[in-house]
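Keep in mind that what you see is a predicted model, and the values were worked out from it rather than measured. Proteins get letters first, then strands, A, B, ... in listed order; numbering begins at 1 in each.
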Protein chains: 2
Amino acid sequence: MSDLNISKTSTTHRPVTCENCNLDNLCIPKGLDRQEIGEVALLVNRNNIRHKGEAIYHAGSPFRGMIALRSGSAKLTSFDQDGNELVVAFILPGEIVGFDGLATQIHNCTAIALETVNYCHLPAHKIEQLSLNTPSLVNVLLQRSCDELDSQVQKLLMSRRSAEKRVANFILNISERLRVRGYSELEFRLSMSREEIGNHLGVTHETVSRIIQLFQSRKLIEVKSKQLRIMDKKELFNYLQLAH
Amino acid sequence: MSDLNISKTSTTHRPVTCENCNLDNLCIPKGLDRQEIGEVALLVNRNNIRHKGEAIYHAGSPFRGMIALRSGSAKLTSFDQDGNELVVAFILPGEIVGFDGLATQIHNCTAIALETVNYCHLPAHKIEQLSLNTPSLVNVLLQRSCDELDSQVQKLLMSRRSAEKRVANFILNISERLRVRGYSELEFRLSMSREEIGNHLGVTHETVSRIIQLFQSRKLIEVKSKQLRIMDKKELFNYLQLAH
DNA sequence: ACATTTTTTTGATCTAGCTCAATTTTCTAA
DNA sequence: TTAGAAAATTGAGCTAGATCAAAAAAATGT
């Protein structure tokens, strides 16, 4: 497990495929057996790049397939009828997007790179093909999509709580997701803007900024621009339990 | 199509199975071929009853399987760490619940009857069994679960708008879902309390009540206790487009 | 390195919707 | 049918977070 971080920062000479990818335990192949992973591996396009602000797919366009971020992060957005953006989710390295096109075969959301991202792509037409000789793939996708549904419920619960709690939870949520994927859980870069955080949480960017300053003044976190360090995780966590 | 309503109100002598169920085009079998429906039909438990306030399944308990309401409606709720209830969704006749247990095999939510309900039940252990000889079932479930995900995004978008718009949208949403299932879209019973509506929409029951009165005073709807009639659907719909 | 733009911070006010409180209406069970 | 309980309505403040505004800091391109 200790080579996880190494392989994450250094480039190996052998091309990375699903079989030797350090994401294998988190990515689509999770739950598939050796042979099945091989079949998926054959159909995945690797090493796709998008730069900051570029779209990986657009709402309204035909389902592109499933996307796994290998590095960099992205935002998943939707637009209401007046064109107001809604940040539905942030996608961190190692995470998967694309479910928003799976049901209707038309993307419901737009995925935009928040910084340069490198991603793997399992194209839509190959998913059908795969599901014939690798039926458990569909099971895996179903699993993932229900996972997403569960986390939506958590978001809904959180959306009823105070702005302070939403921000505290947001920081802890990013931290946890990075930890699971082998990154530092206490120090990381918030690659999204205050505006995007606020939009996602349902508060204004001014409120996000004020709360971040408040947490800093209480020595819960330390922030230098987009770089964030959690100083008192326990206390930050306690925040969520308190009344109000 | 005209016999749809008849079969909905009268009881047929032949027992209703998936093959002759009037929900077949909305329920789990949708997307399956004749033979596959037959296989599902063999495994479904029909005619389960729950009375008002009784749970169909509980959060924390093992995945029961998928549930299709044949009559009556239910609420899907979750609880935060302080035991506060969150109404995640309302389930109308003809709709399906259970996805909240599919990923982890433990229910994430509690489903409670809002009035006497009659439901079909595809038990969890039979889903696995089915997915072996009826692989497209998993595809269908995946489809449904992604549909749910899409509608979650719509809910999130709505949750950013004013309380008035949320209530207007709620009424139109229930209306549309009833219409799709062959019920009257303009006159129906809101079987949930104002408290439950408010909880679901993220406003207090007082606010729900005030807004319902407002809509009534503007001749958009007519309300007698739980019975609701939409008088000016077009105008109610316009409400959603307006600024604010 | 510097000029321009974008993002973030901070302050001062305002308001939608909450809370608290008091009736009134509807539901429920004997 | 009726008493008691639960739900809904209506009114009157109150407050968390929005909005507006202006300065400071950071990012970006040349």
Side-chain angles (χ1 to χ4, degrees), chain A residues 51-54 75 84-87 112-116 158-171 189-218 221-228 239 242-244, chain B residues 51-54 75 84-87 112-116 158-171 189-218 221-228 239 242-244:
Chain A
H51 294 290
K52 184 174 177 175
E54 293 176 352
K75 64 176 176 180
N84 301 312
E85 185 178 9
L86 175 89
V87 177
I112 294 176
L114 288 172
E115 58 205 317
T116 300
M158 200 41 69
S159 76
R160 300 298 159 79
R161 318 195 71 185
S162 71
E164 278 184 33
K165 292 192 176 185
R166 275 182 262 176
V167 174
N169 183 254
F170 170 76
I171 293 169
R189 205 181 114 84
L190 288 176
S191 35
M192 65 295 286
S193 70
R194 300 287 188 267
E195 179 64 48
E196 287 162 334
I197 294 172
N199 182 313
H200 179 59
L201 298 179
V203 294
T204 60
H205 65 104
E206 293 96 327
T207 298
V208 172
S209 181
R210 277 184 250 266
I211 291 171
I212 285 179
Q213 299 310 312
L214 174 75
F215 287 173
Q216 201 164 12
S217 76
R218 293 194 182 165
I221 61 175
E222 196 172 64
V223 184
K224 272 200 222 93
S225 162
K226 293 205 178 305
Q227 202 63 24
L228 187 145
Y239 236 90
L242 298 173
H244 288 253
Chain B
H51 294 290
K52 183 174 177 175
E54 293 176 351
K75 64 177 176 180
N84 301 312
E85 184 178 9
L86 174 88
V87 177
I112 294 177
L114 288 172
E115 58 205 317
T116 300
M158 200 41 69
S159 77
R160 301 298 160 80
R161 317 195 71 184
S162 70
E164 278 184 32
K165 291 191 179 187
R166 274 182 263 177
V167 174
N169 183 253
F170 170 76
I171 293 170
R189 206 181 113 84
L190 288 175
S191 36
M192 64 296 285
S193 70
R194 301 287 189 269
E195 180 63 47
E196 287 161 334
I197 295 172
N199 181 313
H200 178 60
L201 299 179
V203 296
T204 59
H205 65 105
E206 293 96 329
T207 298
V208 172
S209 182
R210 275 185 251 267
I211 292 172
I212 284 180
Q213 298 312 311
L214 174 74
F215 287 173
Q216 201 164 13
S217 76
R218 293 194 182 166
I221 61 175
E222 197 172 65
V223 185
K224 272 200 224 96
S225 165
K226 291 205 180 305
Q227 201 64 24
L228 188 144
Y239 236 90
L242 301 174
H244 288 255

Angle, rounded to 10°, between the helical axes spanning five pairs at each terminus of the helix from dA1(C)-dT30(D) to dA30(C)-dT1(D)?
70°
Between the protein and nucleotides 2-4 of chain D, are there any N/O to N/O pairs under 3.5 Å, and if so, what are the atom names and distances?
none

So, His200(B) side chain and Val87(B) main chain: donor-acceptor pair closer than 3.5 Å or not?
yes
Please work out which residues in residues 159-170 of chain A have a non-hydrogen atom less than 4.0 Å from an atom of DNA chain D and list them by number.
Ser162(A), Ala163(A)
For residues 200-211 of chain A, which residues have at least one heavy atom under 4.0 Å from DNA chain D?
Gly202(A), Val203(A), Thr204(A), Glu206(A), Thr207(A), Arg210(A)
For [X], which residues count as a salt bridge (Lys or Arg N to Asp or Glu O under 4.0 Å) partner, sequence neighbours excluded?
X	result
Arg161(B)	Asp82(A)
Glu54(B)	none
Glu164(B)	none

Interatomic distance, [X] [atom1] vs [N] [atom2] [rounded to whole Å]:
X	N	atom1	atom2	value
Asn199(B)	dC18(C)	CG	C1'	15 Å
Leu114(A)	dA27(D)	CG	C1'	15 Å
Leu190(B)	dA7(D)	CG	P	16 Å
Gln216(A)	dT10(C)	CD	C1'	14 Å
Gln213(B)	dG11(D)	CD	P	10 Å
Ile212(A)	dT7(C)	CD1	P	15 Å
Leu228(B)	dA8(D)	CG	C1'	15 Å

Go through Arg160(B) and Asn84(A) one step at a time and tell me if the side-chain contact (heavy atoms from CB on, under 4.5 Å) criterion holds.
CA-CA 11 Å; Arg160(B) 301 298 160 80; Asn84(A) 301 312; over 6 Å; no
Apply side-chain contact (heavy atoms from CB on, under 4.5 Å) to [X] and list each qualifying residue two or more places apart in sequence or on a separate chain.
X	result
Asn169(A)	Met158(A), Leu240(A)
Glu222(B)	Gln216(B), Arg229(B), Met231(B)
Ser191(A)	Ser73(A), Leu114(A), Glu115(A), Arg189(A)

Quick one: which residue pairs count as a salt bridge (charged side-chain N to carboxylate O under 4.0 Å, His left out) with a foot in residues 201-218 of chain A, not counting sequence neighbours?
none
Which atom pair, heavy atoms only, marks the closest approach of [X] to [Y]?
X	Y	answer
Ala163(A)	Thr207(A)	CB-CG2, 3.9 Å
Ala168(A)	Tyr239(A)	CB-CB, 4.4 Å
Arg166(A)	Leu201(A)	NH1-O, 2.8 Å

Which letter, B, S or -, goes with each nucleotide of nucleotides 22-30 of chain C from 5' to 3', with contact meaning a protein heavy atom under 4.0 Å?
----SSS--
Any [X] side-chain heavy atom under 4.5 Å of [Y] side chain:
X	Y	answer
Glu196(A)	Lys75(A)	yes
Val223(A)	Gln213(A)	no
Phe170(A)	Val208(A)	no

